[in-house]
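In what follows, a structure is listed as C-alpha cells, so that the remarks can point back to it.
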Amino acid sequence: MGIARLTAAEAASLIKHGMNIGLSGFTPAGTAKAVTAEVAKIAAAEHAAGRPFQIGIFTGASTGMSTDGVLSMEKAISYRAPYTTNPEFRKHVNAGEIAYNDLHLSQMAQELRYGFMGKCDIAIIECSEVTPDGKAYLTAAGGIVPTIARLADKVIIELNHFHSPDTKFIHDVYEPLDPPYRKVIPIEKPSDRIGVPYVQLDLNKVVGIVECDIPDEARSFTAPDPITDKIGQNVAEFLAADMKRGIIPPSFLPIQSGVGNIANAVLGALGEDKSIPAFEMYTEVLQDSVVGLMREGRVKFGSACSLTVTNDCLKGIYSDMDFFKDKLVLRQSEISNSPEIIRRLGVIAMNTAIECDLYGHVNSTQICGTKMMNGIGGSGDFTRNAYISIFSCPSTAKGGLISSIVPFASHIDHTEHDVNIIATEQGVADLRGKSPIERAKAIIENCAHPDYKNLLWDYLKISTKNHTWHNMAAALSFHEAFIRKGDMHLVDYSEYLK
C-alpha cells in the first residue's frame, strides 16, 4: 500500500495550535486513541515552554480518557462538540476553561457540513482495515466519519488491530445530501441497509497510517440494585399493559434505550417479560445487556451507531460474527438518530433523567441548572419523535438528600410537550392527554418519594392557580435548599411568602 506508515507521535506532530480535529467513534467505541494521547504530550511540552497550544474537537459523541481525558488535563481543548461523559473534561468545562457546545447528536454531522462550526483541519479515523483504493472499514462505531473524512484537509488513519476486520459485515455507511437536495432516507424497518460497508477516502488527503493494538476504553456500569430493578419492572409492566389494551401493536415496536445501569435494568425487564414478544432495537448504542438478549432470541435485530460494550463482549461478537452479521448494523449518528426514521418506525424511546418537574419537563444534562453532567446526547432526537417517550430515574439521589421530582426543573432539555411517561421505583406517571395540573397530580402521586410528597403538595397549595400552577419565587426552592443547606427536605416555603 502506498500510504505512509507513521508513528503516533509523527502523526500528532501534524496537529498545530488553533486547528480543529474531527474524530471517529461514538462513546469510547471506535474513537481515536493513539494519536490524541501524543497530542496531549505536545500540549504539555508547549505549555511548559510558555507557548499556547489548544485545539477544537468535533466528535460523534463522547470519547475516552486517551482523548477527552488527557487533552483536558493538559488544557489542550479550546472548543468541543457534542456529547461527552469524561469526568476530567467535565471538571474543566464547569471551571469555564472549555467552550463546550452541547447539541443533539443527529445534528452534529450536518452542522459541520453547513459550516456552522468552522473548518475541520484533520480527521483521525480508527479503522479495522484500509484497502489500497481507500476503502476504510470502521471499527465499533459509525459516528460522523463520512462527513469529517470528506471535509477535512488531511486524514490520519489509526489502523487498530484490536478490532476484527470482520467489522465490515456490520457497517452501513450512508451520508445524506444537504438541503435543498436531501431525499427520503429509505429505512422502513431497523434491519434495512441503505449504504455501503466502508467509508470511501480521498487518498490525496490521507497523510499516513498509524498502526496500533489498543482496546476500546469500555465502560462497565453499576450492577443492578433493587431500585433500578423496580424501575425496570415498572416500565416493562407499563409497556405490556399498553400492548394489551391495543395502544402498542401486538408485534410490538422498536426500542431505543439510553446508556447506563437504569437502561440495562429496563431492557433486562423487557427481556424477562414473556408477555412482550421478541423485539427490535433502533437506537444509538448497544450495551452488553442487548447482546445477551440477542443471543437469547429476545432481541431480533439491533440497529445502532456504536457497540458500547465491554471488551470481552466485543470480542465475543467478533468471534461469533456468523451469528451477529445478520442481526446487527452500525450506522452514522445522523441516521441512527434521524428524526425522520424514528417517527416512521414508531420507536419507543427510553432515556434517563437527572430530574423531572411537576409538569413533565425533564433535565437530563445539568446539576442544579449550572453544572454540566454529560450533555443531551441523542435523547432529544428520540424523545420528540418517539411513538412513546419515557424518562426514568430513581425518585431520590444522594442518599435521599435530593428529590428527583421537583417543582420546576433547574434546566430543561425536554419540554412537557415531548415527554409522555415518567417512571421511578415508586411507579409510573402517564402524562398523555393530561392538562398541566393533572400531570402534576399524577407525577406526585405515582413517582415522588414518600419523603417529598407532602412538600410537593404544599408547593401546589402556595402556587398561583392559573393554567400552570406555580409560585415563581419558590419554583427553585428545592434546589436552593440543597445548595444552602445540603438537603432538599429543608425547604421552608415561608421564606418565599414574605
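Note that the numbering runs from 1 along the sequence shown for the chain.
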Lys/Arg N to Asp/Glu carboxylate O, [X] vs [Y], below 4.0 Å:
| X | Y | value |
| --- | --- | --- |
| K485 | D492 | no |
| E237 | K230 | no |
| K398 | D487 | no |
| R484 | E480 | yes |
| K33 | E217 | no |

Just to verify, what does K371 make a salt bridge (Lys or Arg N to Asp or Glu O under 4.0 Å) with, not counting sequence neighbours?
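In terms of salt bridge (Lys or Arg N to Asp or Glu O under 4.0 Å), with neighbours along the sequence ignored, K371 is linked to no residue.
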
Please name all residues satisfying salt bridge (Lys or Arg N to Asp or Glu O under 4.0 Å) with R113, sequence neighbours left out, ordered by chain then number.
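R113 satisfies salt bridge (Lys or Arg N to Asp or Glu O under 4.0 Å) with E175, D178, E334 only.
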
Could you check whether [Y] and [X], counting side-chain N and O atoms only, form a donor-acceptor pair closer than 3.5 Å?
| X | Y | answer |
| --- | --- | --- |
| S364 | H414 | yes |
| R331 | S303 | yes |
| T464 | H470 | no |

Minimal non-hydrogen separation, [X] against [Y], with atom names:
| X | Y | answer |
| --- | --- | --- |
| A43 | F53 | CB-CD2, 3.6 Å |
| Q54 | I77 | NE2-O, 3.4 Å |
| T370 | N94 | O-OD1, 4.1 Å |
| L267 | S289 | CD1-OG, 3.9 Å |
| F478 | M488 | O-CG, 3.2 Å |
| Y459 | A475 | OH-CA, 3.6 Å |

* **Spatial distance of atom CG (D192) from atom CG (D172) [nearest 0.5 Å]** =>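 So the CG of D192 and the CG of D172 are separated by 9.0 Å.
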
*Roughly how far, to the nearest 0.5 Å, is OG1 of T36 from CD1 of I21?*
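Result: 7.0 Å between the selected atoms.
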
Side chain of S410, backbone of G369: donor and acceptor closer than 3.5 Å?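 Indeed, once roles are kept as given, a pair shorter than 3.5 Å links the two residues.
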
Could you give me the CA-CA distance, side-chain angles and deciding distance for L431 and E438, then say whether side-chain contact (heavy atoms from CB on, under 4.5 Å) is met? CA-CA 8 Å; L431 310 182; E438 289 173 332; over 6 Å; no

Original post:
Under 6.0 Å from the six-membered ring centre of F89 and within 45° of its axis: does the NZ or CZ of R80 meet both?
Top reply: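 Output yes; distance and angle both within limits.
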
Do [X] and [Y] come close enough that some side-chain heavy atom pair is under 4.5 Å?
| X | Y | answer |
| --- | --- | --- |
| F58 | C120 | yes |
| D225 | T228 | yes |
| E284 | L105 | yes |
| I390 | N351 | no |
| M350 | L270 | yes |
| F391 | I421 | no |
| I412 | N363 | no |
| F301 | L328 | no |

* To do: Could you check R432 against D242 for salt bridge (charged side-chain N to carboxylate O under 4.0 Å, His left out), going step by step and ending with a plain yes or no?
  => CA-CA 12 Å; R432 294 172 294 185; D242 249 19; 2.9 Å; yes

*asked:* According to ring pair (Phe, Tyr, Trp, His ring centres under 6.0 Å), who are the partners of H479, at least two apart in sequence or on a separate chain?
replied: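 Per chain and number, H479 pairs via ring pair (Phe, Tyr, Trp, His ring centres under 6.0 Å) with no residue.
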
Sort out for me which residue in N86, T63, T85 forms a side chain to side chain donor-acceptor pair (under 3.5 Å) with D68.
->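 Among the candidates, only T63 passes.
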
ask   = Taking it one step at a time, do I57 and L71 satisfy side-chain contact (heavy atoms from CB on, under 4.5 Å)?
value = CA-CA 10 Å; I57 299 178; L71 290 171; 3.7 Å; yes

Would one find more than 12 heavy atoms of other residues, nucleotides or ligands at under 6.0 Å from atom [atom1] of [X]?
| X | atom1 | answer |
| --- | --- | --- |
| R384 | CZ | no |
| K441 | NZ | no |
| K274 | NZ | yes |

Requested in this report: For the pair S72 and E88, evaluate side-chain hydrogen bond (donor to acceptor under 3.5 Å, both in side chains) and give the outcome as yes or no after the intermediate values.
Outcome: CA-CA 6 Å; S72 297; E88 190 68 34; over 6 Å; no

